[in-house]
Amino acid sequence: QVQLVESGGGLVQAGGSLRLSCTASGSIYSINTMGWYRQAPGKQRELVADITSGRITSGRSTNYADSVKGRFTISRDNAKNTVYLQMNSLKPEDTAVYYCNFKQIGMTYWGKGTLVTVSS
């Protein structure tokens with residue numbers, strides 16, 4: 001089992017920034033993917049960004065939704081089993097509950113979610 005604890009959500013004005021963090025604990029294998037999904041009211045949950053567990057210099061890949069490219073940056077600290085999402089130039093349409101996601105050996109785990117509200 002893997003447990004995920006998220007932090008960093010909140011209320012911010014349009015154009016502002018927030019950083020989300022998610023720390024995994026439990027039975028963690030060296031090869032995994034951590035990421036963030038979001039779900040806005042009345043919409044389906046969607047991938048925001050994810051990152052594999054490879055080395056920084058090679059083998060670590062990232063994936064972003066088109067709507068956040070150039071504004072959001074995902075990173076991770078493997079020693080701390082923590083993934084970060086730096087969100088800049090936030091827009092009202094970024095308002096959603098953001099969920100941490102962890103995948104390994106065919107299993108998927110979810111955090112409880114943290115609310116991000118961007119006011120116009």
With sequence neighbours excluded, what pairs up with [X] under the side-chain contact (heavy atoms from CB on, under 4.5 Å) test?
X	answer
Asn81	Ala24, Ile28
Thr62	Ile51, Tyr64, Ile74
Thr117	Leu11, Thr95, Leu115

Quick check: closest heavy atoms across Gln39 and Gln44, and the distance to 0.1 Å?
CG-C, 4.1 Å
For [X], enumerate each residue passing the side-chain hydrogen bond (donor to acceptor under 3.5 Å, both in side chains) test, keeping only those at least two apart in sequence or located in another chain.
X	value
Ser67	Arg38
Asp77	none
Thr23	Thr82
Gln3	none

Who pairs with Lys43 by salt bridge (charged side-chain N to carboxylate O under 4.0 Å, His left out), at least two apart in sequence or on another chain?
none
Do [X] and [Y] come within less than 4.5 Å of each other through their side chains, counting heavy atoms only?
X	Y	value
Arg60	Arg76	yes
Leu47	Asn63	yes
Val2	Leu4	yes
Ser75	Gln86	no
Gln1	Tyr109	yes

Are the side chain of Thr114 and the backbone N or O of Glu6 linked by a donor-acceptor pair below 3.5 Å?
no
Indicate, with yes or no, if Phe102 and Val97 share a hydrophobic cluster defined by side-chain heavy-atom contacts under 4.5 Å among Ile, Leu, Val, Met, Phe, Trp and Tyr.
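Per the 4.5 Å side-chain linkage, Val97 and Phe102 are not co-clustered.
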Does Tyr99 share a hydrophobic cluster with Leu90, counting links as ILVMFWY side-chain heavy atoms below 4.5 Å and allowing steps through other members?
no
Got a second to check how far Leu85's CG is from Met34's CE, nearest 0.5 Å?
12.0 Å
Between the SG atom in Cys22 and the NZ atom in Lys112, the distance rounded to the nearest 0.5 Å is 12.5 Å
Would you check, one step at a time, whether the test salt bridge (Lys or Arg N to Asp or Glu O under 4.0 Å) holds for Lys69 with Asp66?
CA-CA 5 Å; Lys69 284 180 180 177; Asp66 287 343; 3.1 Å; yes
Cys100 vs Val83, side chain to side chain contact (heavy atoms under 4.5 Å, CB included): CA-CA, chis, key distance, verdict
CA-CA 9 Å; Cys100 181; Val83 63; 4.1 Å; yes
List, one per line, each side-chain donor-acceptor pair under 3.5 Å for residues 14-21, sequence neighbours excluded.
unit_1	atom_1	unit_2	atom_2	d
Ser17	OG	Asn88	OD1	2.9

Between Asn101 and Thr108, is a side chain to side chain contact (heavy atoms under 4.5 Å, CB included) present by the stated rule, with each step listed?
CA-CA 7 Å; Asn101 176 273; Thr108 298; 3.3 Å; yes
Scan residues 1-52 for pairs that pass ring pair (Phe, Tyr, Trp, His ring centres under 6.0 Å), counting only residues two or more places apart or in two chains.
Tyr37-Trp110
How would you list all residue pairs meeting ring pair (Phe, Tyr, Trp, His ring centres under 6.0 Å) that involve residues 69-98, not counting sequence neighbours?
none
